[in-house]
Amino acid sequence: MKRVSPILVFAIVILAIAVFVAIVGNVFTPHGMSQQNLLARLKPPAFMTGNNPSFPLGTDRIGRDMVARVIAGLQMSLSVAIAGTIIGAVFGSVVGFISAHFRGWVEEVLMMLVDFQASLPFILITLTLLAFFGNSMTLFIILMGLFGWEKYARLSRGVVLSAINQPYAKAIVALGAGNGRLYLKHVLPNVASALIVQVTLTFPQIILLETSLSFLGLGIQAPQTSLGQILGDGRDYLSTAWWISVWPGSVIFLVTLSMSIVGDWLRDRLDPMLRARTT
Amino acid sequence: MTRFWVLKILRTVLTLWFVVTFVFVVLRTSGDPVVALVGADATPEEVEQFRQLWRLDDPLWIQYFRYVMQMATGQFGISYRDGREVIDIIAERVPWTLILGLFSYIGAILIGVPAGIIAAIKRGSTFDNLIMATAVFGFALPNFFLGILMILLFSLSLQWLPSSGTGTVWHLIMPAITLATFTAGTLARFTRSAMLEVLDKLYIRAAAAKGVGYWKRIIFHALPNASIPLVTIIGLNLGELIGGAIVVETVFAWPGVGRLLVTAVSSRDLAVVQGLVLVMAVTMVLANLVVDLLYGLLDPRIRVQN
Amino acid sequence: MSSERLSVEHLNVPLPRGADRAFAVEDLSLSVSKGEILCIVGESGSGKSLTALAAMGLLPRNLGKPQGKVMFEGKNLLTLDEATRRDITGRRIAMIFQEPTAALNPIFRVGEQVSETFRIHTSLSQAEIRKKVIDLFREVQLPNPEQIFHSYPHQLSGGQCQRVMIATALALDPSVLIADEPTTALDVTTQAQILKLMLELRAKHDTGIIFITHDFGVVAEIADRVAVMQTGRLVEIGTRDEILNHPKEDYTRRLLAAVPTLTPRKEREGLGGPVLIARNIVKTFSRSGLFGGGRTVKAVDDVDITIRRGETLGLVGESGSGKSTLAQCVIRLVQPESGDILISGGDFTGLSGKVLREARRKVQIVFQDPYTALDPRQKVGDSIAEGPVIHGLDRKAAMARALDLLEACGLDRASATRFPHEFSGGQRQRICIARALAVEPELLIADESVSALDVSVQAQVLKLLADMQERLGFGILFITHDLRVASQICDNIAVMRNGRIVERGDPASLFGAPKETYTKELLAAVPGKGWQHHADKNEAGTERSREETP
Amino acid sequence: MFTRREVGNLILGAGALSMVGSLPKANAADRPSLNIAVDNLWANMATINGISTTSRRIFPNFYDNLVDRDYIKDENGLIFAPKLATKWEQKGNVWTFTLREGVKFHDGTEMTAEDAVFTLSPERLWGAKPFEPRGKTFTAGFKRVEATGKYTFEIETERPDPNIPSKLTGYIGFVVPKKYYMEVGVDAFGQKPIGTGPYKVTTFRSGEIMVLEAFDDYWGGPPPVKQISWKIVPEFAARMAGLVSKEFDFIVNIPTDQEAALEKYQGVTLKRVLADNYPAFAFNTRPDPVDNPLVDPNLRYAMVQAIDMNAIVQALFNGTTEHPAVPFNFTEYGKFYDPKAPVKLPYDVAAAKALVAKTKYKGEKLLWHITRQYYPNYEAAAEIMVEQWREVGINVEAQILDNFELVYRRPYHLMNMSMSSDFIPGDPYQPLWLDWGPTASRSTATWKTWDPTPEYLAAGKKFEEAIEFEDRKKAYLELSDAWQKVTPGYYMWKSVYNCAHRAGIQFKFKPNGEMRIYGDYFKFV
C-alpha cells in the first residue's frame, strides 16, 4: 500500500468530523439554533474577555449561540450540497449514458442541451429563475441539482463511449448480455471513478454557489440557515464581531479544502491514465 | 474545413436560439408576462407599450416568432426600472465588466499558468505542494468574503488601495485579484495536469534525443501542446468569471453587468434581466467559438482536414 | 583504434522500491562497432528498451540513477554534465522509437522538426537546412519530399513517420543509431522497406546500429551480432549465426523454439460441416455529418467466407484491409449493410433483441489486447461464468464450468477469485479464451489474439487454442497480420486487401505458389523468411499440437 | 425631549421671517467636490413617484419646497420658513401663496406661478389620471389650484384647512418646471429631473450613481460644493473603509452595531437623528385568503401582547430610539402627545396565551412578507418576533422578498411597511388618517389589508373637519381608539437615520433624512 500523506489524513478527518457533527446535530449545545438571548448579543467566543461561558463560540447580533448556528448551517449546507450533487450527478450521468448509447440525433439533442447549459454562467440561470419564479426551498434544491449536470453528462458520455468501445464491453455484448447488464454491471462500475472525482469537484462548488447566493440574499432563507447565510449576515460585523462570519467561513473553507484534497487524491488514484503513467 | 465551421456556427446559433426560447418559456410559465415584465403597479401606458411590443393578443407561435426576431435584432425593450432602452443600459455597463474581466483574466492566466507549469516540472517537490495548496486555497474561499477581508485590510487598515468604485487603475486591483483568485487556482491545477500529461509524451523524449535543451523542450515543445486543452478550460472558465463578477462587482461597487444583473433581478426589471441573459449567452457562445478557432490554430490536426 | 563505437560496461538501472526486482538492467555489458548492427532481443520486461534510454540519458524520472559506464568516444556518458551529453546525444548518437507517430510533435510541421536538429547543432542558414532536410527525405525514400516538409505528422502514414524519424536521426551523420523496436508498429510490407533502408544506411554511412526487437525474423534479416536479454540481464551475445542456429543458452533455445515456422501445411482432414457461412458481406463507413457528402470507405466489400467445424480459417492482410471489420460483422458487433450470415445453419443476420442475444452464444471472440478485454472490476471467475449465466445456467453450475475451463486453460482454480490486473498478459489471454469457450460456441473469432504477446507466450496460447479446438471442435476465424503464425495454425488462409479477399487456399498452396502479386509481396516481406530455426525436438513448449504435413 | 411650541402661531409668524439658506458667495473655482457613498438610489427621482428614503436625502439639493421647515432655529423643525413661497395667507377655504421672484430652474427658465400650480395640479397629482398617482393621498381635500398672477396662486380646499403650508413642506411642495415636465413626460423627468435647487442633476444612473453640480444661478447664491457624487456602495465594509481612508466625505446607513466601531476612527463624525417615520407591519384583517385566522381580532391582540418590543429596540438600537407603546401617541406631536396614555395591549405573555386560547387558531402558518434590507434591523427584529410568537403558540414565517411588488402579492398575513408622521408637522393627520383612511392604499389597493370600520370613519370625519385643537384632539383620541379596536397594524419603533462624515465638515442632519449640502446645514470648516 502506498503511504498516505498527512494532508490527506487531515482532509478525511475534517470531512468525517463535519459529517458527524451534521448528523449528530446540536445535542452538545444546550441552545437551539434560533433560540435568542437579547441580553447576550454579540458575545465574543470563550477565549476573549467579556465572553459568556455558555456560548463557547460567541453569539450573533440577536444573541443566538454560534455553536448551534454553525451546526445548523453545516447541516443545511451539507444537505443542500449533497442533494444538489446527487440530483446533478444522477441526471447528468443518465443523460450521458443515454446519449452514448443511442448516439445519432438523441445524442445531438442532448448535447445541444448540454451546450445550452454550458453557455450560461450558472449563477445567472439561478438568479434568473429565482427572479421569475420566486425563491422557494424546492426550487433552490432543484437549481443546486441542475448545477453541474452538464459536466456529468459530458463526462459520462465520454467515458461511457470509451468504455463501450473497450474490448471487454464488446466481449460482454458478444456473450449475449443485454443493455441493462452491460451498463449497470460492467460500464457503470468502470466509469464510476471518473464520476466520483467529478462529485468531489461539484460538491464544494455547490457549497460556494450557495454561499454566493446567500451573499446576494437569494440563498437559504431565515429561519432556516446555512453556512453561507451566516457568513453573509456576519459580513458587516467583520470588524466588530468577527466570530459571526469567521466560524462559518472557516467551516466552508475547511470543508471545501478537504473535499478538494480528497478529490485530487481520488483523481490520482482512480484516473486510469494517471495511474498508468505513475506505474 | 468549411463544413467544420458551418457546423460550429450552426450549433452556436442553435444554442442561442435555445437560450432565447428558454427565456420565452420561463416568462410564459411563471405568470402573466405583462405583470412579470412591467410590474403590478405599471401605468396603463406602460402596459400598452408592452402589449404592443409583444402583441400579446396574437397566437402564441406568432408572438414567439416575433419575439425571436426582436431578440435577434437586439430589441430587448425598455427597462421598467428607469424607462430607458435595455440595450443602452447594458451597453454602458459592458465596458466596465470587460475591463475588470480582462484584467483579472489576464492576471489569472499570467499567475495560474506559470504556477502550474512550475508545479508540473517540479512534480512532487515541496514547491509543487505549495503551489497546489495555494491553488486550492484560491477557490476554497468564498470570493465575497475574500473581497471584504481585502477591503478591511488594504483600504481600512493600511489605506493602500481605494475601497470601491472606479476611477484609477488602483481601483481595479482588489476586484481583479478577488475575481482572479478562483480562476488562477483552477488554471494552475489544470495546467499542471496538462503539462504532466504532455511531458510524458514520446515526442518530448524524442526532442531530448535530438539534443533539445530542457527549457526549450518545456517551452517550445511541451507548452504548445499543453495549451490545447488549456485553451478549452480557459474558455470554459469565462463562465465562472462572469459568475464571479456578479458577486465581486457588488462587493466593490463596480458598475459592470454583474451588478446590473443583481439590481435588475432584485427590482424584477425583467426586460433588463432578459437582455443580460442574452448578452451573456452571446458572450459565452462567442468565447466558445474563439476557443474553437484558437483550438484549430493550435492544433493542426483540426486545422488541416484536407 | 578499435572500431568500437559505443560500449556499455556493467550497466545497472535500479527500479523503484516495491518493484518485482531490484534492477531493470543488471550488470549489462555490450558494445557496437562501426558499420555493425547489434540486435538486442528479449521479451517484454527484459530491460532492452531501458538500456537504450539509459545510454541516451532519457530514463523516466521514477527510476534511479544508472550505474556503470556507457562509453562513447572515450567519455562516459553517464557522468557527463547535461549540456555536453545533450550535444553528443543529439549529434553523434541518435535514436528512433517504436511509435513513430507518437515520437513526432503533433503540432509542428515535420520539416521543422527535422530542421530543429540542424538548428541546435549547426550554424547553417535556414535555406541550407531546408535543402539538407529535403535531401535527407529523399535519402530515406519519402515520396514528394517538398510536400512532406510542409506536412503535419497526422497527415503521414506510420511508415512515413518512421522515415521522418530516421531522417532526423541521420541528419548529422551520427556515429551510433539506437533503434528501439522501430518496425513493431508497422505493417509487414512497410517493415520490410524500413529494414531494407536500415541496411542501406549502414552500408552507406558506416553507422553503428543498436537495434532493439523482440522479433527473431527481424534479427535474422538484419543482425550482424545478437544480444539476448532476460529480466535485465544479458543471456548471451554472439554473431547472428551463433545465436540463431547454435544457441548456447536454454533460454535462447526456448525463445527460438517458440518462433512459429513458416512451414506450408495442408488442411487437416476430418473437418465437419460448415459452422459459418457468410455471403456477400458489405460494410461501408462514412464520415458524414449533418450535411452528408462525407467520404465513404468500403471496409468490407462483398466478401464470402465459410468455416467448417474444427477448421481454422486464417484471415491475413495489412492494417486497414478490413479484417477486423469483417470479424465484427460476423459477430454482429458491427451491423453489415448487406449480406447473409448463417451460423450452424441458422440465420444470424436478421436477428434482433432477445433472439439475437440468445444466438450470440454460438459465436465468440477473443481480442488482441488482453489488458482491455476483461472487465477490470470483475473477478475472473465471474467473468468466465457470466456467459453461461446469461444463457440460463444457474450460478453454481456456471462457476463449476468456469473453474474447469480455467484449469483446462492452464490456470489455477484459485485464480477465479482474483482480478484481471493480478495476471500477466498471456494468462489474461487464456482467461479470455476460457470466457469465450464457456458458452460452448460453434465459432471462435481470434482477432489478432496473439499479436501482442511475447513469442514464448504466443506459442503457449496458440497451443491452447489448438488443443481446445481439438477437444470441442469449434471453428476458428483466425485474424492475424503475421504469416508465420497463420502458416502454423490455419487450415486455410484468406488474404484480404482493401476490403476484398484477393486470394485463398491452404498454407501449402498459398505460400508455395501464390497467384496474386499482393500475396507475393506479403510473403516477400516476412522478415527472416530465409531463416528457419532447427531447435531440438525435446524442447518444452515446442511440440506441435498436431501432425505437420511435410 | 422636544420643545413644544404653538404651531399655529409660528406658521403665521414665519411668513415674515427672512429667508434661509443665504450665504456669502463662494468662489466657484476653488469649491471642493463631495463624494457620498449611499446604500442605494431609488430608480426614479420625480418628486412623488420617487418617494423613498434614498431619494429624500438627495431631493432638497436639487428641488426646493414652497415652504421650508427650519431645523436650525428649531430642533423639531416646527418653524415654517419661506422658501419658494415668500408669503401665504388663508381666507376660509382658500390659501393664497406669493412666490419668490427671479427663481430659475436648472434649464434657465424662470419659475412662475404657472409651474407651482402645475406642481399641485389635478393633472399631475389628484385628477382622474394623474401623472404621479400617489399625489392623491397628499392632496386630499384639494378643490382648485389656480394662478392669480405671475407670482401668486391660490389653493382652494373643500373645507378650511389650516395645514396647507405644512403640507407644502413635504414632497408635494417641491416645485417642478411645467414646460420641461410636459415635454419629456413623467418617466423621463424621473430620470433627468430639473428643479430650482442649489444643485443640478448632471448624471443619473439609478443602479450606480447620481452626480449633482453646483447651480450658480441659484436664487440663494452659489452653493458651497462644486460637485456632489452620490455613489452606490452596497457593502458597508467598503463604505466604512472609504470614509476612513477619505475617499468618501459622507457615508450613510451605518448598521447600529457598527456605529461605535466607526466612531472610533479619527476624523469620523457620526450623525444620528430620530426620523419622523415608523417601521411597522400590517395585519391582514380581511378574509383573503379565506381561511385567514387573523380576521379574529383576539389573535391580533395576542400577537401584539406577545412582542417584547422594548427589549428588541434596546437590543438592536442600543437605546438610541424608542417604541411607541400606544400607536399614534408620538412625541413629535406636541400637544397631542400624552405620556400617560393608557397602554391597551402591553407586553404580557400570559395574556397573549389566554387570547390565543380564545381563538380558533390551531397553529396554521402565518406568512409575513418583508422587503429585503429595506428598513434597518427589520429582518433581525422579525426573527426575534417570530420566536416570541412561537412562544405563545403562533406560527409565523417571515418571507424575505426582493421588492414591494412581491410583498404585495397575495397570500400573506402580515406585511411590512413604514409610516411617516410628518406630512403635517406636529399633527397625527398622516399616520392616523391619511395612511389608514378611506383613500389610503391600506384600504383601497389590491393589496389592502383592512376595511375601515364605520366607527373609525365617523371619528375620521370629525377629525378632518375639526379646526380647533381641542376638537381635533378629541377626535384624534376617538379615531385612535377605533383603530386600536381593530388593531390592523403595529408600530415598531421610531426610525433612526444615520450618516457619518469626515473631519472638516460641519453638518446638520435633518430628521426626515434630508442631507442638505447648503445653507446653514452644511459648511466646510
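- Atoms CZ and OG, on B/F145 and A/S245 in that order, are 4.5 Å from each other to the nearest 0.5 Å.
- With a threshold of 4.5 angstrom between heavy atoms, A/L129 approaches chain B through side-chain atoms but not through N, CA, C or O.
- Summarising the geometry, atom OG1 belonging to B/T15 is positioned 4.5 Å from atom CG belonging to A/D115; distances are rounded to the nearest 0.5 Å.
- Heavy-atom distances place the side chain of A/L201, and not its backbone, under 4.5 Å from chain B.
- Per-residue heavy-atom pair counts under 4.5 Å with chain A were compared for B/A133, B/G239, B/A140, B/G243, and the maximum is reached by B/A140.
- If you measure heavy-atom distances from A/L257 to chain B, the contacts under 4.5 Å come from both the backbone and the side chain.
- In this structure, no portion of A/T126 lies under 4.5 Å from any heavy atom of chain B.
- Here the closest heavy-atom approach between residue A/L231 and residue B/P142 is recorded as CD2-CG, 3.8 Å.
- Note on ring orientation: taking the six-membered ring where Trp is involved, the planes of B/F18 and A/F116 are tilted (angle from 30° to 60°).
- Rounding to the nearest 0.5 Å places CD1 of A/I7 at 12.0 Å from CE of B/M132.
- Taking A/F203 as the reference, nothing meets the ring pair (Phe, Tyr, Trp, His ring centres under 6.0 Å) condition, with sequence neighbours excluded.
- Interface residue B/L14: only side-chain heavy atoms are found under 4.5 Å from chain A.
- In this structure, chain B has heavy atoms under 4.5 Å from both the backbone and the side chain of A/L127.
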